[in-house]
Amino acid sequence: MQHRILSKDSLAAFLEGLRKEHVVYAPKRDKKVPNKMVWKILEPGESPLFEFANTDMSPKDFVFPQSECLMRFRTGEDGTSVLKPIEPEPRKTLLFNVRPCDGKGLSFMDMIFCQDEQTNDVYWRDKRERTLMVGLACNNPCPSCFCHEANCGPHSETGLDVLMTDLGTRLLLKPLTDRGATLVDGLPEAAPGDVDRAEELKGTVEASMKPVIRTEHLEARSLMDAYNLPYWDRVCEACINCGTCTFVCPTCHCFDIQDETTPDGEEGRRVRNWDFCMSPLFTLHTSGHNPRGKKMARVRQRFMHKYKYIPMKRNGEVGCVGCGRCVRLCPVNIDIRDVINAMNAPAEAKPEGQEV
Amino acid sequence: MLNPYLPYPVRITDVRVETEDKTLRTFEFEFLNPKDAKAFDYHPGQFAELSIPGVGESPIGIASSPTEGDRLLFTVFRAGSVTGRLHGMQVGDVMGVRGPMGNWYPLDAHEGKNITIIAGGYAVTTLRATMVWLQDPKNRDRFGSIDFIYGARTPGMLLYRDEMAAWQKTGGVNCHITVDREFPGWTGLTGFVPTVTEQVAPNPNNAIALVCGPPIMIKFTQPVLDKCGWKADQIYLSLENRMKCGIGICGRCNVGHQYVCKDGPVFSKAELDQLPVEY
């Protein structure tokens, strides 16, 4: 598909066009916390920011809300209550200036939520189909970013409908899907020099990101060998099981389902809420038995899930896009890159001694 | 589009108290919409989420066999909020069933083989489904000998006791029903399941074993099977873990890279030997 060019002077008119069919959101500075970026509606007349690292929260909640009503019931006159699914909203959302890591994050979760005929999450799919993403390539990644080593990259296109590259006073727009092509239809075509300039920026930024993690031993290591690494006892000492890493993560997707009712129990709803593997209640059986009752088992679960279990199940895909949010926001400074390197270290694994 | 979170509405058509301590009841459900009964196409070993609006859901193994018709049976231990509420429900009450979920015992893949079933306590439910399925005229001739070893603490804690007596009488299967110790009026076997298994000494040649029971029973039955020469890829077990979605997304029932709800609940011992014991 043909690249297009958009002068930042004409951005307001372009956004106005997008607003006709979509509610447009973009990263904005938080009014209360300095330097914190949040996803907010981009009001008419407002200019989007192009100089920012990334939002604290990934945009996953546009498709997978933190709390979401799935169905409702009302007890009928015969005393029976039957759950009825909620009607999906017709509104279309457009996320403007999505970082490529977050585009990849949603694309990764498509694979989890829509696996096959049986595992086809209609709530996810419906909102995903109504959410368009116009990405903004990273030219200045954070020191905590490692997207280029997590099957992603600062100019990654996966999951996005359009990828924009900031060329200074102008933006180069690369449509990636049919929906994206429709969005940019009408903009002037880019000159070959503009496309070359974007390629050059991509090369520069990729070269500036030094290799920080290695996974070759981890890939070769058996599940049980990785599971039994003595390192797990050490990394869990610092962790306070707060779950921040899971909430800010663009690929963490665990959830809980709960029923809520009016005090008389006559009406109610079934909701799903974000949940997290760091909580002891997450796996607790009604009998009191807990397969991951120890903190160490829960800390290990998160990293093993992302870098061993998911690759085993999904042809080498990792459950991480290298956005660095958990590195920046962990209150006790656990750095997933250190953990990955430790999982990769050719250490002596205990042959026996499974966690009970 | 099919909504995998939406339960089928069902009506309770029968409730039976199964055990002397009244902690286990068998519920029979009828689908309110006949087309749902068609859609609910299941195999012995699968489970479903029993769904009570306003209370929640609980994953329970299906105790009926698809060869028995459209009605579903679930034998439920009273344990938490959902099962507690269910135990208070009566014939005629309407609730929901979501499923069928998970994989099933690989019987078709082992056609022609002898089957040994070893069960303890109330883990026997999906094995009842299996036994009924195996004895169906359409299936019985497709398999060799069938040995069914089942134990409970007391005669009053045995599930489906009358049915099992009937299975033994028809002669197509060998039932070895045991209780932990002697009881007045009990004329059957006594002793724990591993001991009885040792006496039965099931032959591993051209055979598979399905084993379901409390961890302590499995722990002591395994050495007996080893002694008889059984290999890990001939033994199938069924796991349970806390679940919510039941379709391999919500992330809590995993054992290593496998989800008990979608990749399981049935795993061979050979598979489990390569996985953490997070169940």
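Letters go in sequence order (proteins before strands), and every chain restarts at 1.
For chain B, the nearby part of A:Leu70 is the side chain; its heavy atoms alone come within less than 4.5 Å. Of the atoms belonging to A:Gln258, it is side-chain heavy atoms, and not backbone ones, that fall under 4.5 Å from chain B. Contacts between B:Cys245 and chain A at a heavy-atom distance below 4.5 Å involve backbone atoms as well as side-chain atoms. For A:Arg72, no part sits under 4.5 Å from any heavy atom of chain B, backbone or side chain. Interface residue A:Phe73: only side-chain heavy atoms are found under 4.5 Å from chain B. Contact of B:Pro215 with chain A is not made at all, since no heavy-atom distance falls under 4.5 Å. Residue A:Gln301 touches chain B through its side chain alone, counting heavy-atom pairs closer than 4.5 Å. Residue A:Glu117 does not touch chain B at all, counting heavy-atom pairs closer than 4.5 Å. The contact between A:Leu223 and chain B is made entirely by side chain atoms (from C-beta outward), counting heavy-atom distances below 4.5 Å. Using a 4.5 Å cut-off between heavy atoms, B:Tyr279 touches chain A through its backbone atoms (N, CA, C, O) alone. Residue contact with chain B, scored on non-hydrogen atoms closer than 4.5 Å, involves the side chain of A:Met71 exclusively. A:Phe276 does not touch chain B: none of its heavy atoms, backbone or side chain, sits under 4.5 Å away. The parts of B:Pro53 that come within reach of chain A are both its backbone and its side chain, each placing non-hydrogen atoms under 4.5 angstrom from that chain. If you measure heavy-atom distances from B:Asp93 to chain A, you find no contacts under 4.5 Å at all. Proximity to chain B (any heavy atom under 4.5 Å) is restricted, for A:Asp116, to the side chain, taken from C-beta onward.
Side-chain contact of B:Tyr5 with A:Arg272: a donor-acceptor pair under 3.5 Å is present, judged by distance alone. Side chains of B:Glu28 and B:Thr13: a donor on one and an acceptor on the other come within 3.5 Å.
Heavy-atom pairs under 4.5 Å with chain A were tallied for B:Cys250, B:Pro7, B:Gly251; the largest tally goes to B:Cys250. The candidate with the highest count of non-hydrogen atom pairs below 4.5 Å against chain B, out of A:Cys277, A:Cys254, A:Gly265, is A:Cys254. Between chain A and the residues B:Glu57, B:Met95, B:Arg11, the most heavy-atom pairs under 4.5 angstrom are made by B:Glu57. For the set B:Thr83, B:Val94, B:Leu6, B:Leu32, the entry with the most heavy-atom pairs within less than 4.5 Å of chain A is B:Leu6. Taking chain B as the reference chain and counting heavy-atom pairs below 4.5 Å, the highest number among A:Ile310, A:Thr283, A:Val82, A:Thr261 is found for A:Thr283. Listed options A:Leu83, A:Ile112, A:Thr80, A:Thr262 were ranked by heavy-atom pairs under 4.5 angstrom with chain B; first place goes to A:Leu83. With chain A as the partner, the residue from B:Lys262, B:Arg252, B:His257 showing the most heavy-atom pairs under 4.5 Å is B:Arg252. Of the listed residues (B:Pro9, B:Gly80, B:Gly56), the greatest number of heavy-atom pairs within a distance under 4.5 Å of chain A belongs to B:Gly56.
To the nearest 0.5 Å, atom CZ of residue B:Phe77 and atom NE2 of residue B:His87 are 8.5 Å apart. Rounded to the nearest 0.5 Å, atoms CG (A:Leu329) and CE (A:Met57) are 9.5 Å apart.
Taking the six-membered ring for Trp and the full ring otherwise, the centers of B:Tyr236 and B:Tyr105 sit at least 6.0 Å from each other. For B:Phe27 and B:Phe74, the ring centers are positioned 6.0 Å apart or more.
Heavy atoms from other residues, nucleotides or ligands lying under 6.0 Å from CZ of B:Phe192 number 12 at most.
A parallel orientation is assigned to the rings of A:Phe303 and A:Trp232, their planes being inclined by less than 30° (bins at 30° and 60°).
Side-chain atoms of B:Asp70 never come within 3.5 Å of backbone atoms of B:Asp36 as a donor-acceptor pair (strictly under, hydrogens ignored). For B:Thr221 (side chain) and B:Met217 (main-chain N/O), a donor-acceptor pair under 3.5 Å exists by modelled atom type.
Counting only heavy atoms from C-beta outward, the side chains of A:Lys104 and A:Asn151 approach each other to under 4.5 Å. Side-chain contact between B:Phe29 and B:Leu50 is present, with at least one heavy-atom pair separated by less than 4.5 Å.
Taking the ring axis of A:Phe113 as reference, the NZ or CZ atom of A:Arg128 does not stay both within 45° of it and closer than 6.0 Å to the ring centre. A cation-pi arrangement is found for A:Lys60 relative to A:Trp274, the charged atom lying closer than 6.0 Å to the ring centre and inside a 45° cone about the ring normal.
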